[in-house]
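Residue numbers start from 1 in every chain, and the chains themselves are labelled A, B, ... in the order their sequence lines are given, proteins ahead of strands.
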Number of protein chains: 2
Amino acid sequence: MSEQHYCYKYPHPAVTADCVIFGFDGTGIKVLLIQRGIEPYKGKWAFPGGFMKIDETAEECARRELEEETGLKEACVEQFYTFSDVNRDPRERVVTVAHYALVRLSEVKGGDDAASARWFAHDEIPALAFDHDRILRMAMNRLKERICFEPIGFELLPEVFTMTELQNLYEAILEVKFDRRNFYNKMLKLGILAEAEPRPANASRRTPNKYRFNAGKYAELKQKGFRLEF
Amino acid sequence: MSEQHYCYKYPHPAVTADCVIFGFDGTGIKVLLIQRGIEPYKGKWAFPGGFMKIDETAEECARRELEEETGLKEACVEQFYTFSDVNRDPRERVVTVAHYALVRLSEVKGGDDAASARWFAHDEIPALAFDHDRILRMAMNRLKERICFEPIGFELLPEVFTMTELQNLYEAILEVKFDRRNFYNKMLKLGILAEAEPRPANASRRTPNKYRFNAGKYAELKQKGFRLEF
DNA sequence: CTTATTTGCGTTTATTTCACGCAAAAGTAA
DNA sequence: TTACTTTTGCGTGAAATAAACGCAAATAAG
């Protein structure tokens, strides 16, 4: 047995942070998975994650994992649940604080071990290691809830986007279909969108308007207690 | 130094579960706090909580704490956030999985050390130990969110209650005022209330109707995707 | 005895959804 | 080319919902 330097009077579980990384390719939601190279669950896919260092918070740990895999330092990262089933890891007792991250696919660079990392669409998720299928289900549910209260969707879109892209994003996350015209009206009436370019003179009917997220206006609305309703 | 039997190759934080226990006395929300008898934060008030055993989940640990303080085995307990700031406990690195519990005050018995336990109203919370003020703020916010989607409010009321009690509960949690008549209409139209007693013949105008929560009807509605809106 | 409060059960009006219409430009297939 | 479909911007009316408020009976409080 190797050296065991850290001793306690009572048993301590290991604590890890996992990071479910969501991206959006203009049509559907994607999830970044890593193929495990070692036992247990060798060959199975899993979320980026690792042991929390003794001088970092769980969120900092999750951000570290995110950066290792995507190169992104700034991103929307939020903790959503802590999984503590007794036998969720066969090696030792491991409690994991699960997070999700929202990233713009265009800004993602291949990470350290890009060879074993891949983006998967919602309907092509392979067999996952540990209890990661349960973690994914919970992450998706939390995403659905959050997008109705906070404009987190914009974290997944490029700076400038079209109304159709925005609608595709909402439809992908909520797994529903909206009437295009109603979605258009509702979003504009909310006032959290700004026209990115003043629509060129040569604009044809099929050249869509470009928008960007208006954070200032959103902050105003939020104070008055409001809600992105769908 | 005492015996240190449990050794690991890397440092492991301690993991605790805390339990913010909410009750409702017919007018306002109450929180159960325990006065600490030992350092650190001796004399300060804190939520029931303790170290997670190696063979129990965080929720089981929270339920154990709940039962020790209230005698209640069955209650609505939900995890809401894990706090992992590096210095939140001066003794050692402690990560806590925070839960809230909803209990009926009438069913609560004094716990093991009832002497040091007390119910506090929302506006008379004393100075709290550790980062428990932050934990309380987060618990209240989560409660506000949840009550708009799930009928968790009924966990706080007695089996049979009046419409006014129900409204007081919603107003206390959401910290708003409703028009009595609109609240009445909305709740009845939802269909999740059942009349508890068929309203006696000698009922005067000031004898309020008694209701109970109709779980079956709620299950129906939930399937169709619905929402307690306020 | 007078006044204020509580309860049940409405109605009216404003606001918000929701379903759908329409025309212009541009791509698609014959 | 021609005919057809798709995409986009911008409306509009009907239906549903939320919000404001009326009223009378019973009774508790002063």
Side-chain angles (χ1 to χ4, degrees), chain A residues 25-28 147-149 157-158 160-172 174-212 214 221 224-230, chain B residues 25-28 147-149 157-158 160-172 174-212 214 221 224-230:
Chain A
D25 67 357
T27 314
I147 207 174
C148 291
F149 291 88
L157 287 170
V160 169
F161 49 85
T162 68
M163 190 63 80
T164 304
E165 287 172 325
L166 184 62
Q167 181 175 352
N168 285 341
L169 174 62
Y170 271 85
E171 291 183 342
L174 296 173
E175 297 180 280
V176 291
K177 285 285 171 190
F178 298 115
D179 179 279
R180 179 184 57 83
R181 297 154 292 185
N182 288 339
F183 184 88
Y184 182 100
N185 290 334
K186 197 176 285 188
M187 267 295 167
L188 286 187
K189 203 171 48 183
L190 269 177
I192 59 175
L193 295 185
E195 269 188 46
E197 298 148 32
R199 189 165 179 80
N202 63 339
S204 74
R205 283 280 175 154
R206 291 194 62 162
T207 311
N209 287 346
K210 298 277 196 175
Y211 299 93
R212 65 175 73 245
N214 185 339
L221 280 175
K224 294 172 191 162
F226 107 116
R227 188 163 187 172
L228 273 162
E229 190 95 34
F230 289 98
Chain B
D25 68 357
T27 315
I147 206 175
C148 290
F149 292 88
L157 288 170
V160 168
F161 49 85
T162 69
M163 190 64 80
T164 303
E165 286 172 326
L166 184 62
Q167 180 175 353
N168 286 342
L169 174 63
Y170 271 85
E171 290 183 342
L174 296 172
E175 296 180 277
V176 291
K177 284 284 169 192
F178 298 114
D179 180 279
R180 180 183 57 85
R181 298 155 290 187
N182 288 339
F183 184 88
Y184 184 100
N185 289 334
K186 197 178 284 187
M187 266 298 168
L188 285 187
K189 205 170 50 184
L190 269 178
I192 59 175
L193 295 185
E195 268 187 47
E197 298 149 34
R199 191 165 178 79
N202 63 339
S204 74
R205 281 282 172 158
R206 289 193 66 158
T207 310
N209 287 347
K210 298 275 194 177
Y211 299 93
R212 64 174 74 245
N214 185 338
L221 281 173
K224 294 171 190 162
F226 107 113
R227 187 166 188 168
L228 273 162
E229 190 94 36
F230 290 99

Closest-nucleotide mapping onto DNA chain D: is N185(B) or R180(B) further toward the 5' terminus? I mean the 5' end. N185(B)
Residue [X], side-chain heavy atoms: nucleotide from [options] that is nearest:
{"X": "Y184(A)", "options": "dT7(C), dG9(D), dT5(C)", "value": "dG9(D)"}
{"X": "K186(B)", "options": "dT6(D), dA19(D), dT5(C)", "value": "dA19(D)"}
{"X": "P208(A)", "options": "dT7(C), dT12(D), dT8(D)", "value": "dT8(D)"}
{"X": "R181(A)", "options": "dC22(C), dA25(C), dC9(C)", "value": "dC22(C)"}
{"X": "N182(A)", "options": "dC9(C), dG27(C), dC18(C)", "value": "dC18(C)"}
{"X": "D179(B)", "options": "dC21(D), dT8(D), dC20(C)", "value": "dC21(D)"}

Protein-nucleotide distance ([X], atom [atom1]; [N], atom [atom2]), rounded to Å:
{"X": "K177(A)", "N": "dA19(C)", "atom1": "NZ", "atom2": "P", "value": "16 Å"}
{"X": "M187(B)", "N": "dG8(C)", "atom1": "CE", "atom2": "P", "value": "15 Å"}
{"X": "K189(B)", "N": "dC9(C)", "atom1": "NZ", "atom2": "P", "value": "16 Å"}
{"X": "N209(B)", "N": "dA26(D)", "atom1": "CG", "atom2": "C1'", "value": "14 Å"}
{"X": "F183(A)", "N": "dT7(D)", "atom1": "CZ", "atom2": "P", "value": "16 Å"}

[X] side, atom [atom1]; [Y] side, atom [atom2] - distance, nearest 0.5 Å:
{"X": "K186(B)", "Y": "Y170(B)", "atom1": "NZ", "atom2": "OH", "answer": "11.0 Å"}
{"X": "I192(A)", "Y": "R212(A)", "atom1": "CD1", "atom2": "CZ", "answer": "14.5 Å"}
{"X": "E195(A)", "Y": "N214(A)", "atom1": "CD", "atom2": "CG", "answer": "12.0 Å"}

Looking for any heavy atom pair under 4.0 Å, which part of the strands does T164(B) touch: base, sugar-phosphate only, or nothing? sugar-phosphate
So, does the side chain of R206(A) form a donor-acceptor pair with the base of dA26(C) at under 3.5 Å? yes
Closest non-hydrogen atom pair, E165(A) against V160(A):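 Where E165(A) meets V160(A) most closely, the heavy atoms are OE1-O, 4.5 Å.
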I'd like to know if the side chain of Q167(A) and the backbone of Y184(A) have a donor-acceptor N/O pair within less than 3.5 Å.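 No, the answer is negative, given that no donor and acceptor are paired below the 3.5 Å cut-off.
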